[in-house]
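Order of the sequence lines sets the chain letters (A, B, ...), proteins ahead of strands, with each chain counted from 1. For the numbers below, each heavy atom of this structure counts, side chains included, while hydrogens, waters and symmetry mates do not.
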Amino acid sequence: MNLDFTPEDDLFRQEVRAWLADNVPREVRPADGPDMKAFDLAWQKRQYDGGWAGIAWPQEYGGRGFSTIQQLIWYQEYARAGAPYVGVNFVGLLHGGPTLIANGSEEQKTSHLPRILKGEEVWCQGFSEPGSGSDLASLRTRGEIDGDHLVVNGQKIWTSFGQFADFQELLVRTDPDAPKHKGISWVICDMRSPGIRVRPIKTIAGHPEYCEVFYDDVRIPLANVVGGLNNGWRVAMSTLGFERGTGFMAEQVRLATDLEALIATVKARVDLARDTDIQRRLARLRAEVAALQAMTYSSISLNERRGAPGAEASILRLYHGLLTQRLGRMSMEILGAGSLELTDPEEGWTGPYLYSFSRTIGGGTAEIQRNIIAERVLGLPRSR
Amino acid sequence: MNLDFTPEDDLFRQEVRAWLADNVPREVRPADGPDMKAFDLAWQKRQYDGGWAGIAWPQEYGGRGFSTIQQLIWYQEYARAGAPYVGVNFVGLLHGGPTLIANGSEEQKTSHLPRILKGEEVWCQGFSEPGSGSDLASLRTRGEIDGDHLVVNGQKIWTSFGQFADFQELLVRTDPDAPKHKGISWVICDMRSPGIRVRPIKTIAGHPEYCEVFYDDVRIPLANVVGGLNNGWRVAMSTLGFERGTGFMAEQVRLATDLEALIATVKARVDLARDTDIQRRLARLRAEVAALQAMTYSSISLNERRGAPGAEASILRLYHGLLTQRLGRMSMEILGAGSLELTDPEEGWTGPYLYSFSRTIGGGTAEIQRNIIAERVLGLPRSR
Amino acid sequence: MDLMPSPEEEQIIDMARGLLSKELPVDYLRWEEGPAKAADRALLPQCAELGWIALGLSEEHGGFGFGATEEMLLFREVGRALVTPVLFASVIAARLAATLGESDLTAAIATGNATVSLAVPDAGGSGYFLIDAEGSDRILLVDHDSVTLLDPSAFSNRSAIRSLDPTVTLESAVLDSGAAGLQVGGRDAEPLFRHISLLIAAMLVGAAEAVRDLSVAHASERTQFGQKIGTFQAVSHPCADMAVRCEAALSQAKLAAVVVRDAGDDAEFQVTAARIVALDAALSNAAAAIQLHGGMGFAAEYPVHFYLKRAHLLDQVGGRIALQLDDLFALNA
Amino acid sequence: MDLMPSPEEEQIIDMARGLLSKELPVDYLRWEEGPAKAADRALLPQCAELGWIALGLSEEHGGFGFGATEEMLLFREVGRALVTPVLFASVIAARLAATLGESDLTAAIATGNATVSLAVPDAGGSGYFLIDAEGSDRILLVDHDSVTLLDPSAFSNRSAIRSLDPTVTLESAVLDSGAAGLQVGGRDAEPLFRHISLLIAAMLVGAAEAVRDLSVAHASERTQFGQKIGTFQAVSHPCADMAVRCEAALSQAKLAAVVVRDAGDDAEFQVTAARIVALDAALSNAAAAIQLHGGMGFAAEYPVHFYLKRAHLLDQVGGRIALQLDDLFALNA
């Protein structure tokens with residue numbers, strides 16, 4: 001066991017650090033609206049121009065194909081430099097793009113992958129529906145074949161940045177008579193198609209991050225089906241590894257940074273100088289945030305040997321979510337009445353506290369993560 | 001809403017208090033063995049002689065038939081006087097006896113009820129089996145009819161004070177072909193019958209409170225069946241109300257007494273004078289122990305109006321169990337290295353801490369209590 | 001000894017629940033459609049007319065002479081309906097004015113002719129936060145050890161800021177150094193603080209019960225994996241825990257109300273305990289309810305999150321949880 | 001960067017797990033049949049012979065020159081098998097003697113010729129508790145800020161008392177005022193304390209994993225209501241939480257071991273964090289495992305409870321959890 005980096009890795013780190021120092025935007029990321037979208041795309045373009053776009057993508061598709069260790073270094077330096085949240089590029093870079101790489105036709109890849117990397121195309125996700133949350137496979141949005149098109153009717157929900165997206169990774173039921181996992185297709189949906197209506201939904205933190213999307217006879221070329229008709233469940237599952245992989249590291253570093261800021265605040269507060277209640281709870285969080293980083297290192301080490309992420313990614317995700325929520329709750333206590341003023345989700349403490357509730361809901365609830373851990377990590381019989 | 005007692009109740013309290021002051025044993029209750037049994041029986045006899053045996057039992061069976069309010073007063077004064085734990089008389093007074101009162105024949109009542117009240121007969125329970133814990137109705141100990149007897153074969157476990165008991169309330173399967181709740185009988189088993197073997201089981205607190213009981217062709221007269229052959233499930237359920245009722249009050253008062261002792265210890269410790277961690281956690285426990293008492297008052301008030309205990313007794317039981325465990329855990333932290341010395345389950349802190357783990361296991365686990373609360377208090381669909 | 005509401009107390013509950021569930025059903029709250037506070041502020045004159053502000057005032061002060069138990073039960077309903085803290089501030093202000101013999105002012109507040117809003121000090125102590133204070137005639141400043149009823153002119157530099165609790169407006173302000181108002185502090189303030197803690201506990205109980213009920217309804221309706229989600233123990237057991245916390249908080253609030261009404265020696269102990277247990281019930285239940293509702297819990301348009309935010313707001317009035325715990329630890333049993 | 005054990009480290013794990021699972025399977029522990037400690041104390045000479053005491057000592061001190069990572073991995077297995085703390089005390093004592101240049105004593109301890117038992121001060125500070133100290137040649141007294149290796153004659157009034165952890169014997173004793181021994185304290189003791197915390201964390205990790213495994217096995221075997229209890233989320237989710245705590249505790253212990261071996265600047269931070277996370281894992285997992293086993297968890301004859309008790313015992317060695325938390329808070333990041 002070791003924490004050593006090779007000389008090549010050290011050189012790589014220096015290169016990353018130098019580039020970030022020169023290129024990370026100085027301005028604050030706008031919290032919302034078209035300005036936010038423009039900011040996120042400009043930052044993506046800058047990374048592309050600098051040769052840093054798609055660090056986990058294969059080189060043949062314009063990515064950098066970094067090793068997991070290099071990705072770790074990139075994200076550590078990214079966080080250290082205070083570089084911005086990936087924002088509207090999240091789905092394209094970490095879901096849609098990787099799915100095309102794994103399952104798309106040459107035509108699909110060449111039309112979209114370069115544009116995603118260059119910050120020219122925003123993607124969103126169309127998986128969840130009002131009646132299908134944890135039970136994703138029960139989705140009911142229909143795609144009926146009409147000539148060389150699918151005609152889509154139905155509704156999606158919790159579509160992040162749907163109001164800004166150019167394309168959507170959309171799951172539709174194309175065979176209503178098949179078993180529920182076998183009648184689903186994964187299609188590329190142009191968000192400017194006639195018949196699409198997008199309604200933003202405000203979160204409890206006060207920002208319209210999510211949308212509902214309504215489909216009324218939306219025509220999508222059959223050529224936009226990825227990975228074969230009625231094969232969409234398998235295609236969708238192939239992206240899960242990406243979401244649970246290294247893309248998550250930046251948020252962990254952010255958690256550690258926030259905790260240390262809170263500890264510094266408390267150390268400076270005379271009225272809390274002897275408050276062992278607050279201090280010990282912060283110390284416990286500190287130990288656990290350290291453990292989260294160690295778990296990430298362990299997981300990366302295991303993935304390097306095994307060649308693929310495993311079910312223990314659910315452990316990391318759950319632990320991170322619960323820690324983030326405890327930090328948020330503690331910050332409210334420490335702030336006192338100051339917590340009554342609402343801040344943006346990425347600023348101060350109150351906004352991040354409210355936003356932290358999504359950490360054990362989005363991308364698989366805590367309950368689903370515990371099911372996965374029980375069944376796939378521990379080998380317990382399937383829950384019912 | 002009021003906390004007032006009637007003048008009659010106040011008189012009653014004075015009477016109780018005076019009698020207890022004169023009669024509560026001064027000696028420490030032996031922690032174990034025949035001395036403990038002798039102590040418990042002598043104390044029961046003394047209560048009988050004083051006219052205080054069977055406070056919740058109807059007068060026609062030698063009890064006092066007190067109102068719930070009077071029972072509350074009795075237990076408050078009982079705890080206040082530091083009167084001993086009910087001990088080996090628990091099952092007779094709170095399970096077996098009440099079941100006979102509700103379901104027994106005249107013959108069964110007259111043979112046992114007076115002797116239980118006088119401290120002449122110890123009862124134990126034979127419900128759980130190694131394979132049937134939370135799922136009690138799956139019990140497999142057989143009772144086959146042979147002439148005017150049942151012939152019993154099988155095994156019971158977690159039989160409190162089985163090594164001291166004269167009689168057992170025993171559940172056996174008398175119709176193996178019936179649905180699982182319909183083939184069970186409740187019988188009075190003489191513990192001195194040939195073919196019975198009792199093996200004490202030590203608890204994690206170090207005392208042989210429980211036993212395993214093995215039955216090898218044990219012959220029990222059919223006349224000992226209570227409430228009718230194959231009607232045992234209904235008969236057994238009729239005692240649950242007693243266990244969850246007022247008998248539980250003494251333990252609550254004990255919890256409050258223990259917590260206040262711990263708070264006094266902490267207030268006297270110079271090294272903890274500014275330890276807001278310990279202090280606030282104790283304060284929170286204090287608030288919750290106060291709430292437990294308030295919940296008991298609420299529950300008694302509701303029962304008085306409704307005439308019977310309800311499913312919310314599970315709330316009290318669960319809350320009490322969890323509080324007792326938190327108190328135990330805190331006492332270990334406060335003791336520090338002193339916690340390494342084991343004490344008896346009723347003395348000091350370490351023994352009670354270990355014993356506290358049974359509070360969410362015995363008499364229905366915390367999980368079963370939550371099922372009951374979800375289904376019967378909240379009306380949620382049945383868990384699976 | 002009877003902790004079940006008397007017929008008279010039941011009447012108060014029925015009246016309040018009837019009016020509030022009709023006029024302010026929880027799903028009227030729609031953050032995206034602007035502050036949700038319009039409807040509840042508009043209802044205040046009717047509340048005053050029904051005697052809700054004067055409920056617990058003695059008859060010599062123009063009140064109805066009800067006890068702390070009726071007020072507690074009323075404010076449980078007020079908490080369930082997330083009524084503006086102006087109602088709470090009015091009740092406390094009327095009591096303060098009555099205590100200090102200010103009959104005219106007491107009457108003006110009790111009849112709803114003078115509206116009273118709440119102010120709390122910022123953690124540092126230099127600034128203040130004003131809650132739903134636009135157009136109020138008086139401002140009630142509740143600190144950890146004193147309560148002061150001030151003219152709005154005592155505050156300057158008033159500036160609207162975004163509110164954690166979107167059902168109220170929030171302003172930051174500075175208190176002018178020479179500002180004088182009706183004040184009680186120290187030991188004189190103890191009876192008033194018992195009332196403050198009792199009514200806050202009551203509102204928190206209402207909030208804890210509201211999210212329990214929303215959660216049970218959701219768990220009974222929503223289907224996933226072919227069955228009602230309430231059949232999963234990962235859902236039903238958190239609901240059971242909510243029920244336990246509600247039962248604890250309600251029982252302790254009822255007991256504390258009786259002790260306050262009867263001026264028992266342990267009034268401070270019991271109301272502080274009530275407030276601690278009720279805050280835990282409201283915050284823990286709201287957090288569990290958000291989780292249980294999934295995306296719907298995290299979306300502003302479903303009402304669950306308002307209760308979480310209101311609980312945080314109420315925690316700041318008259319000394320937050322850490323101070324309450326310190327107070328309770330310091331008391332003798 | 002690689003936190004997976006190297007082939008050399010895997011060898012240590014395999015050897016230790018192989019021996020201990022054969023000689024000290026958890027179900028050899030039977031409280032009712034007298035103290036369970038006989039078997040593990042009898043195994044100590046073999047442990048010494050295998051080099052477990054000298055594992056991390058440098059070759060100049062007669063050791064094998066392995067690093068803190070191998071010792072950590074070994075003590076994880078030691079914790080899983082609930083081996084007497086005499087082994088831990090011996091490793092620390094040998095390191096202390098080596099540090100102070102006491103070569104003969106180092107060799108005697110490392111070869112198992114001189115046995116070392118553990119002592120901890122009572123909370124008040126006047127008395128001491130001796131653990132498994134019958135017949136020991138030396139006693140290692142670990143206080144919060146000093147470590148002292150003493151002759152047993154330094155303790156008087158030795159008296160056997162009942163032990164919370166029934167797999168060890170416990171004595172109360174008084175330390176003679178003039179008693180002298182090999183001692184390090186203050187800053188000089190820091191490297192030794194890092195080692196103490198690391199090995200305690202490692203043993204706690206082993207305990208946390210052992211009860212997780214017992215729980216998973218139980219949940220997979222036991223049937224109630226016609227199905228394996230592991231299919232109930234009220235059982236499977238607590239198991240998942242155990243797995244999460246184990247993963248956190250093991251990862252942090254591995255990382256801390258690397259940092260200690262490499263003498264990183266953050267060694268104190270990382271070992272203290274490891275100890276905190278591991279204690280929580282061991283105590284919380286053991287409590288959850290007792291609950292999950294029901295009556296079997298509460299009966300002395302099933303092994304689960306031993307792990308709870310051992311975790312409490314280890315928490316008392318070298319500063320209990322509150323002090324660890326205070327230390328970690330005080331550190332700069």
Side-chain angles (χ1 to χ4, degrees), chain A residues 1-6 9 68-69 72-73 256 259-260 263-264 266-267 276 278-284 286-302 304-306 312 314-316 318-319 322 366-367 369-375 377-384, chain D residues 1-6 9 67 69 72-73 212 215-216 219-220 227-228 230-233 235-245 247-259 261-262 264 266 269-270 272-277 280 321-322 324-331 333:
Chain A
M1 303 191 297
N2 69 79
L3 293 168
D4 305 332
F5 290 93
T6 63
D9 289 336
T68 321
I69 300 281
L72 170 69
I73 292 169
L259 173 61
E260 290 304 326
I263 288 176
V266 168
K267 285 188 174 178
T276 56
I278 297 285
Q279 292 177 3
R280 287 185 193 147
R281 282 155 66 205
L282 284 172
R284 190 174 287 284
R286 209 178 202 185
E288 291 170 3
V289 168
L292 176 66
Q293 195 191 28
M295 289 160 89
T296 306
Y297 282 14
S298 284
S299 168
I300 290 172
S301 306
L302 180 60
E304 285 283 288
R305 292 219 189 158
R306 190 175 47 186
E312 73 282 350
S314 287
I315 293 181
L316 273 175
L318 177 60
Y319 200 68
L322 296 173
E367 291 74 23
Q369 307 294 350
R370 289 194 181 95
N371 280 353
I372 293 172
I373 296 164
E375 291 166 26
V377 177
L378 297 176
L380 282 170
R382 197 181 174 87
S383 287
R384 29 192 301 179
Chain D
M1 195 287 294
D2 185 6
L3 279 186
M4 295 293 289
S6 67
E9 290 162 341
T69 53
M72 190 286 289
L73 293 168
R212 174 201 61 194
S215 299
V216 169
S220 305
Q227 55 197 74
K228 300 292 179 204
T231 61
F232 294 106
Q233 287 176 324
V235 170
S236 64
H237 284 194
C239 286
D241 290 335
M242 287 188 216
V244 172
R245 287 188 288 258
E247 183 65 23
L250 175 62
S251 297
Q252 181 61 24
K254 292 198 296 186
L255 186 141
V258 172
V259 175
R261 181 193 63 199
D262 300 349
D266 55 344
F269 184 102
Q270 301 296 355
T272 308
R275 189 172 166 166
I276 291 166
V277 177
D280 177 59
I321 187 67
Q324 303 294 331
L325 291 168
D326 291 344
D327 287 349
L328 189 65
F329 180 80
L331 288 175

Item checked: Polar side-chain atom of Arg275(D) near backbone of Gln324(D) as donor-acceptor pair, under 3.5 Å ->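 A pair under 3.5 Å: no.
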
Margin query: Could you check whether any side-chain N or O of Gln252(D) sits under 3.5 Å from a backbone N or O of Gln270(D), counting only pairs where one atom can act as donor and the other as acceptor?
Written below: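 Yes; judged by distance alone, with no hydrogens or angles, the pair exists.
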
Pairs of heavy atoms under 4.5 Å with chain D: top-ranked of [options]:
options                                    : value
Glu312(A), Glu304(A), Glu288(A), Lys267(A) : Lys267(A)
Gly379(A), Ala294(A), Ala374(A)            : Ala294(A)
Val377(A), Ile263(A), Asn371(A)            : Asn371(A)
Ser299(A), Ala366(A), Ala291(A), Ala256(A) : Ala291(A)

Any idea which heavy atoms bring [X] and [Y] closest together, and the distance?
X         : Y         : result
Tyr319(A) : Val244(D) : CD1-CG1, 3.4 Å
Leu325(D) : Arg284(A) : CD2-N, 3.7 Å
Thr69(D)  : Glu9(D)   : OG1-OE2, 2.9 Å

Can you tell which part of [X] gets under 4.5 Å to a heavy atom of chain A, answering side chain, backbone, both or neither?
X         : answer
Leu250(D) : neither
Asp327(D) : neither
Arg245(D) : neither
Ala322(D) : both
Lys228(D) : side chain

If you tally heavy-atom pairs under 4.5 Å against chain A, which of [options] wins?
options                                    : result
Cys239(D), Gly230(D), Ala248(D), Ala256(D) : Ala248(D)
Ala240(D), Ser220(D), Ala219(D)            : Ala240(D)
Asp262(D), Val235(D), Asp241(D)            : Asp241(D)

Quick check on [X] against chain D: is it the side chain, the backbone, both or neither that has a heavy atom closer than 4.5 Å?
X         : value
Glu367(A) : both
Arg305(A) : side chain
Leu318(A) : side chain
Leu378(A) : both

Check: Name the one of Met4(D), Lys254(D), Met1(D) that satisfies side chain to side chain contact (heavy atoms under 4.5 Å, CB included) with Met1(A)?
Finding: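 Checked Met4(D), Lys254(D), Met1(D) against Met1(A); only one passes side chain to side chain contact (heavy atoms under 4.5 Å, CB included): Lys254(D).
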
Item checked: Note, Tyr297(A) side chain near Leu72(A) side chain (heavy atom, < 4.5 Å) ->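 In contact.
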
Check: Is the shortest heavy-atom distance from the side chain of Ile321(D) to the side chain of Asp280(D) under 4.5 Å?
Finding: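 Side-chain contact under 4.5 Å: no.
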
Margin query: Rounded to the nearest 0.5 Å, what separates atom CZ in Phe329(D) from atom OG1 in Thr276(A)?
Written below: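 It comes to 10.5 Å.
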
Next item on the list: To the nearest 0.5 angstrom, please state how far the OG atom of Ser251(D) sits from the CD1 atom of Ile315(A).
Entry: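 That separation rounds to 8.5 Å.
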
